[in-house]
Amino acid sequence: MKFIDEYRDPARARALLDRIRQIARREWTIMEICGGQTHSIMRNGIDQLLPPNVRLVHGPGCPVCVTPLETIERALAIAAMPDTILTSFGDMLRVPGSDKDLFMARSEGADVRIVFSPLEALQIARDHPEKEVVFLAVGFETTAPANAMAVRQAAREGLSNFSELVSQVMVPPAMRAILSSPGNRVQGFLAAGHVCAIMGYEEYEPVAAEFGVPVVPAGFEPVDLLDGILKVVEMLEEGRSGVVNAYGRVVSREGNPEARRVMQEVFEVADRPWRGIGVIPQSGLVLRREFEIFDAEKRFDVGHIAPQESPLCRSGEVLQGHLKPSDCPAIGRECTPQTPLGATMVSSEGACAAYYRYHRKS
């Protein structure tokens, strides 16, 4: 199958691994940004095939994992209100709040529904004009265009019973926060291919220049990832920074201009909290003033809800590359997919879930 089989070719993968082993002479720590990349790395055993001096750590690239606790609590509060339908992607329903998740709220009688796109939530609003329909809109730049389109379409149709509880975040400010951290050990990045498909890779060029690091947009298949790692190692060994695109069949420098235009029409940049990390300046998207009637946080007056995180969960350290899931004493004991302490174990893209699923010990 074109564009799949060739990127799973064992011979190509072995050749890339051999090349990485040949050129990697010093110790390097590389962070992959995306949880989808983390799962592919673990599923294919790439972390164990690399030479020991090339170390991978896992970044905050899972939107479910970085959605703050207060957003979950606000969604639970809205779901508990009468004549309200709360909608979101399936992963979000299992993310633990302070004492329950949205699945538990549904079992207690709340009308909580899984949808596969915000446009599906919009259709529910059309079908149920007697109800308030709220879409829990989370994600990175990948999901923002569709969430923006739903709001814009609701405005065009004059739908007064649709709104979004928005928790949109952006990758480059998170990279800056990681690189600025006193405990940072990341020397190069694999950038998420799907985010770059929307935003392009030009927005990574200032980050690479400011911190003197290599950034390589990469895909999700084994050959994609190994090619990306090879390019990062080559740049590190040669003392080069900048952006080199390893995902040219999908990613261009400018990305998708129409998707970016819709995002900018509906959203504007603002400070945003990240679960386990804290507030990262200018890292989020909020609805512009002309669309704020679709802001569920204001419509339902839940902005004051601000619970405290449990000190037992170390997801924040995992998301910043400070801790590998295998080094957390709770993994596989107090923390499992059935009894998660945090979102990194709940999400299908979470790093802790990947380690648990593929039984990785180190």
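- Side-chain atoms of Ser326 and Ile331, non-hydrogen and from C-beta on, never get closer than 4.5 Å to each other.
- Rounding to the nearest 0.5 angstrom, the gap separating the CG atom in Asp9 from the CD1 atom in Ile4 is 14.0 Å.
- Criterion: ILVMFWY side-chain heavy atoms under 4.5 Å apart, direct or through other members. Under it, Leu136 and Ile124 are not part of a common hydrophobic cluster.
- Taking Phe300 as the reference, nothing meets the ring-ring contact (aromatic ring centres under 6.0 Å, His included) condition, with sequence neighbours excluded.
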Go through Leu86 and Leu165 one step at a time and tell me if the side chain to side chain contact (heavy atoms under 4.5 Å, CB included) criterion holds.
CA-CA 10 Å; Leu86 193 290; Leu165 183 59; 5.6 Å; no
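- The main-chain N or O of Lys131 is never found under 3.5 Å from a side-chain atom of Asp83 such that the two would form a donor-acceptor pair.
- Ion pairing between a basic and an acidic side chain is recognised when a charged N comes within 4.0 Å of a carboxylate O; Arg113 and Glu120 show no such pairing.
- Side chain of Ser241 to backbone of Pro214: no donor-acceptor contact under 3.5 angstrom is found.
- Partners of Pro222 according to the side chain to side chain contact (heavy atoms under 4.5 Å, CB included) rule, which considers only residues two or more places apart in sequence or in another chain, are Arg8, Asn44, Ile46.
- When atom types are taken as modelled, the side chain of Glu164 and the backbone of Phe135 share no donor-acceptor pair closer than 3.5 angstrom.
- With respect to Glu27 and Arg55, no salt bridge is recorded, no charged nitrogen being found less than 4.0 Å from a carboxylate O.
- When atom types are taken as modelled, the side chain of Lys298 and the backbone of Gly303 share no donor-acceptor pair closer than 3.5 angstrom.
- Heavy atoms of other residues, nucleotides or ligands lying less than 6.0 angstrom from CZ of Arg25 number 12 at most.
- Counting heavy atoms from C-beta on, the side chains of Arg272 and Val166 come closer than 4.5 Å.
- A distance-only check finds a donor-acceptor pair linking the side chain of Asn53 to the backbone of Ala24 [under 3.5 Å].
- Both Val216 and Leu225 are members of a single hydrophobic cluster when ILVMFWY side chains are connected at heavy-atom separations under 4.5 Å.
- In terms of modelled atom types and a separation under 3.5 Å, the side chain of Asp224 and the main chain of Ala218 share no donor-acceptor contact.
- In the hydrophobic clustering, Met149 connects to Val262, either directly or through intervening members, whenever side-chain heavy atoms lie under 4.5 Å apart.
- For the pair Val133 and Asp127, the minimum side-chain heavy-atom distance is 4.5 Å or more.
- For the atom pair CD1 (Ile229) and CG (Leu50), the distance works out to 5.0 Å, reported to the nearest 0.5 Å.
- Between the OG1 atom in Thr71 and the CZ atom in Arg275 there is a gap of 9.5 Å [rounded to 0.5 Å].
- Between Arg126 and Gln123, the shortest heavy-atom distance links the atoms NH1-OE1, 2.7 Å.
- Legend: residues meeting side chain to side chain donor-acceptor pair (under 3.5 Å) with Arg299, ordered by chain and number and at least two apart, are Glu132.
- Contact record, Pro217 with Tyr201: CG-CB, 3.8 Å, taken as the closest heavy-atom pair.
- Considering Gln264, Glu258, Met263, Arg261 in turn, Met263 is the only one that fulfils the side-chain contact (heavy atoms from CB on, under 4.5 Å) rule with Pro145.
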Could you go step by step and tell me if Arg12 and Glu6 meet the side chain to side chain contact (heavy atoms under 4.5 Å, CB included) rule?
CA-CA 8 Å; Arg12 292 183 67 187; Glu6 60 268 50; 3.7 Å; yes
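- Legend: residues meeting side chain to side chain contact (heavy atoms under 4.5 Å, CB included) with Ala154, ordered by chain and number and at least two apart, are Leu122, Leu159, Phe162, Phe294.
- Scored by the side chain to side chain donor-acceptor pair (under 3.5 Å) test, Glu290 finds no partners at all (sequence neighbours excluded).
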Validation: residues 168-177 side-chain donor-acceptor distances under 3.5 Å, sequence neighbours left out:
residue : atom : partner : partner atom : Å
Gln168  : OE1  : Asn147  : ND2          : 2.4
Gln168  : NE2  : Gly139  : O            : 3.0
Gln168  : NE2  : Phe140  : O            : 3.2
Gln168  : NE2  : Thr143  : OG1          : 3.4
Arg176  : NE   : Glu210  : OE1          : 3.0
Arg176  : NH2  : Glu210  : OE1          : 3.3

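- From Leu285, atom CG reaches atom CD of Glu141 across 7.5 Å, with rounding to the nearest 0.5 Å.
- Counting heavy atoms from C-beta on, the side chains of Ile178 and Pro60 come closer than 4.5 Å.
- The shortest distance between side-chain heavy atoms of Cys335 and Cys313 does not fall below 4.5 Å.
- Of all heavy-atom pairs spanning Ile20 and Leu226, the tightest one is CD1-O, 3.7 Å.
- Thr339 is linked by a side chain to side chain contact (heavy atoms under 4.5 Å, CB included) to Thr336, counting only residues two or more places apart in sequence or in another chain.
- Annotation: the span from Thr38 atom OG1 to Met31 atom CE amounts to 9.0 Å, rounded to 0.5 Å.
- Applying the ring-ring contact (aromatic ring centres under 6.0 Å, His included) definition to pairs two or more places apart or across chains, those involving residues 21-66 are His58-Tyr355.
- Residues Glu334 and Pro329 approach most closely at OE1-O, 4.1 Å, considering heavy atoms.
- A donor-acceptor pair under 3.5 Å links the side-chain atoms of Arg260 to the main chain of Glu254, judged by distance alone.
- Cluster annotation: Val95 is not connected to Val115 through the hydrophobic network of ILVMFWY side chains, with a link wherever side-chain heavy atoms come within less than 4.5 Å.
- In this structure Phe291 satisfies the ring-ring contact (aromatic ring centres under 6.0 Å, His included) test with no other residue, sequence neighbours excluded.
- Put simply, the side chain of Thr344 does not reach to within 4.5 Å of the side chain of Tyr356, judged on heavy atoms.
- Using a 4.5 Å cut-off between side-chain heavy atoms of Ile, Leu, Val, Met, Phe, Trp and Tyr, Leu323 falls into a hydrophobic cluster with Val318.
- When every heavy atom of Glu73 is checked against every heavy atom of Pro307, the shortest pair comes out as CG-CG, 3.4 Å.
- Val64 and Leu319 fall into different hydrophobic clusters, where Ile, Leu, Val, Met, Phe, Trp and Tyr residues are linked whenever their side-chain heavy atoms come under 4.5 Å apart, directly or through other members.
- A 4.5 Å side-chain heavy-atom check between Phe220 and Cys34 finds at least one atom pair inside the cut-off.
- Remark: Arg26 CZ is packed, more than 12 non-hydrogen atoms of other residues, nucleotides or ligands lying under 6.0 Å away.
- Here the closest heavy-atom approach between residue Pro51 and residue Arg21 is recorded as CD-CG, 4.0 Å.
- How far CG of Leu56 is from CG of Leu190: 7.0 Å, rounded to the nearest 0.5 Å.
- Between the side chain of Arg152 and the main chain of Val266, no donor-acceptor pair closer than 3.5 Å is present.
- Under 4.0 Å is where a charged nitrogen must lie from a carboxylate oxygen, and between Glu221 and Arg249 no such pair does.
- Under the rule for a side chain to side chain contact (heavy atoms under 4.5 Å, CB included), the partners of Glu268 that lie at least two apart in sequence or sit in another chain are Val286, Arg288.
- Within the 4.5 Å cutoff, side-chain heavy atoms of Leu102 are placed close to those of Leu76.
- When atom types are taken as modelled, the side chain of Thr84 and the backbone of Pro82 share a donor-acceptor pair closer than 3.5 angstrom.
- Using a distance-only test at 3.5 Å, with no hydrogens or angles considered, no donor-acceptor pair links the side chain of Asn245 to the main chain of Arg253.
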